[in-house]
Amino acid sequence: IRQMEENGMKIDRPYCLRSSTEIGSETTELLDTLQEMVGDPFFNPASHPQMLALWNAQGWPIKRDELTDSISFGDMLLYKMLPRETLPSGEPGRALPNPDYPGLFEFIRTLSRWRSLNKAKNTYFDNYLEMADESDIIHAQFHQNGTATGRLSSSKPNMENIPKVFSSNRTVIQKGVDDLTASKVRAAFIPRSPDHRLVGFDFAQQEIRLLLHYVDEPTMQSVLKSGGDIHELSARAIFGGMPPKKHVDGSDNVEWTRR
């Protein structure tokens with residue numbers, strides 16, 4: 001772990017500087033657009049009270065967080081307010097305008113983009129530039145006992161909080177950024193020399209697999225070996241069968257169990 005911290009990760013400083021400047025300009029334009037939509041030059045989309053006042057004034061549906069039962073304007077809940085196109089596979093695709101609530105679609109789409117870029121600039125690009133040394137290396141700190149689950153964690157900055165890139169044919173908001181912005185954030189990291197390469201890999205459900213190996217639980221082992229969904233099995237056991245119940249935030253039992 002000490003060697004990992006000393007080696008660090010190299011960033012492309014010119015790219016980060018350029019991205020921060022470009023994103024800053026776009027977020028300013030998006031904020032102007034949101035304020036024009038609302039008709040208030042002082043509207044702050046980061047203010048929960050102002051968002052609640054806007055929703056009440058427009059008569060738009062209000063969603064509550066399933067876990068806290070509090071009113072939430074998170075991206076995932078906002079997109080649950082909109083209908084979705086159906087892909088050939090039968091899965092939901094892009095969000096579509098809701099004819100019952102004029103203006104809601106454009107506002108959510110603009111707000112989501114503003115949030116994504118704002119997060120990318122402040123949490124990622126500006127943070128990386130500030131923490132990199134004179135050789136453009138970020139020396140993050142890694143912690144063996146920083147989480148309740150025993151996972152290795154990271155800080156200053158959190159190198160485990162870099163967003164993944166999903167399929168571009170659907171709306172994906174994770175770690176506060178969309179797919180397009182996530183790809184820009186990941187491009188900030190470069191090999192430290194021409195002789196080095198960056199390699200990314202992920203072992204799905206690693207902790208669950210290790211746990212089931214040691215406790216020798218046959219039912220869950222068979223699900224994983226057959227390529228099944230362990231969370232669906234848990235949802236069936238907890239909620240008593242399918243089809244899955246829809247929760248307040250629009251998630252079904254499997255999505256709820258994954259949390």
Side-chain angles (χ1 to χ4, degrees), residues 1-31 75-76 93-94 109 112-211 213 224 227 258:
I1 291 177
R2 180 179 177 182
Q3 191 65 54
M4 289 168 56
E5 294 179 341
E6 291 178 353
N7 289 343
M9 286 285 290
K10 187 171 185 177
I11 64 167
D12 186 336
R13 182 175 291 273
Y15 170 81
C16 289
L17 286 168
R18 184 172 65 253
S19 297
S20 178
T21 300
E22 292 173 352
I23 288 175
S25 298
E26 189 173 348
T27 54
T28 299
E29 293 175 1
L30 289 170
L31 179 58
D75 282 315
M76 295 301 293
R94 295 176 300 174
R109 187 167 64 172
S112 179
R113 182 65 176 156
W114 175 82
R115 285 175 170 174
S116 178
L117 293 177
N118 208 41
K119 175 82 179 278
K121 174 177 171 55
N122 297 324
T123 301
Y124 298 112
F125 291 117
D126 290 353
N127 211 19
Y128 295 162
L129 288 166
E130 181 180 347
M131 293 188 174
D133 63 17
E134 62 277 3
S135 300
D136 299 334
I137 304 292
I138 292 177
H139 300 276
Q141 297 179 6
F142 292 91
H143 314 284
Q144 288 181 289
N145 58 353
T147 65
T149 60
R151 275 189 173 188
L152 189 69
S153 61
S154 171
S155 64
K156 296 182 180 180
N158 184 357
M159 300 299 290
E160 299 177 3
N161 195 39
I162 302 170
K164 290 192 239 181
V165 179
F166 291 89
S167 170
S168 59
N169 67 353
R170 56 182 178 147
T171 300
V172 178
I173 306 292
Q174 44 89 42
K175 301 190 189 304
V177 301
D178 57 33
D179 262 7
L180 179 60
T181 311
S183 64
K184 290 183 178 180
V185 170
R186 297 181 74 84
F189 296 95
I190 58 176
R192 62 191 306 122
S193 76
D195 297 329
H196 288 79
R197 296 289 183 272
L198 292 182
V199 179
F201 58 91
D202 184 19
F203 200 120
Q205 301 174 331
Q206 181 176 8
E207 292 87 352
I208 295 178
R209 294 173 186 271
L210 289 172
L211 174 64
H213 169 75
L224 287 176
R258 288 181 190 278

Fill in: Pair Thr181, Ser116: side-chain N/O donor-acceptor within cut-off below 3.5 Å
yes
Worksheet item: Can you name the nearest heavy-atom pair linking Arg13 to Ala132, along with the distance?
Response: NH2-CB, 3.6 Å
Fill in: Point-to-point distance, once rounded to the nearest 0.5 Å, from OG of Ser19 to CG of Leu129
9.0 Å
Discussion item. Please check: side-chain N/O of Tyr128 versus main-chain N/O of Thr123, any donor-acceptor pairing under 3.5 Å?
Written reply: no
Worksheet item: Rounded to the nearest 0.5 Å, what separation is found between the OH atom of Tyr124 and the CG atom of Leu117?
Response: 13.0 Å
Practice prompt. Report the C-alpha distance between Ser154 and His143 in whole Å, list the side-chain angles of each, state the deciding distance to 0.1 Å, and finish with yes or no for side-chain hydrogen bond (donor to acceptor under 3.5 Å, both in side chains).
Written response: CA-CA 6 Å; Ser154 171; His143 314 284; over 6 Å; no
Discussion item. Pair His139, Lys156 - check side chain to side chain contact (heavy atoms under 4.5 Å, CB included), show working.
Written reply: CA-CA 8 Å; His139 300 276; Lys156 296 182 180 180; over 6 Å; no
Discussion item. Return the CG to CZ distance between Asp12 and Arg18, rounded to the nearest 0.5 Å.
Written reply: 7.0 Å
Worksheet item: Is Glu5 reaching over with its side chain to a backbone N or O of Phe142, donor-acceptor style, under 3.5 angstrom?
Response: yes
Fill in: Minimum side-chain heavy-atom gap Lys184-Tyr15 below 4.5 Å
yes
Item to complete: Supply the atom-to-atom distance Ile138 CD1 to Glu130 CD, rounded to the nearest 0.5 angstrom.
Response: 10.5 Å
Worksheet item: So, the side chain of Arg186 versus the backbone of Pro163: is there a donor-acceptor pair under 3.5 Å, distance only?
Response: yes
Fill in: Flag side-chain contact, heavy atom, 4.5 Å: Met159 against Pro157
yes
Fill in: Side-chain H-bond candidate by donor/acceptor type, Thr27 with Asn118, under 3.5 Å
no
Discussion item. Please find the pair of heavy atoms, one from Ile137 and one from Gly8, that lie closest to each other, and give the distance.
Written reply: CG2-CA, 3.8 Å
Worksheet item: Roughly how far, to the nearest 0.5 Å, is the NZ atom of Lys10 from the OG atom of Ser193?
Response: 8.0 Å
Response to the item:
In this structure, CG of Asp75 is separated from NZ of Lys119 (nearest 0.5 Å) by 10.0 Å
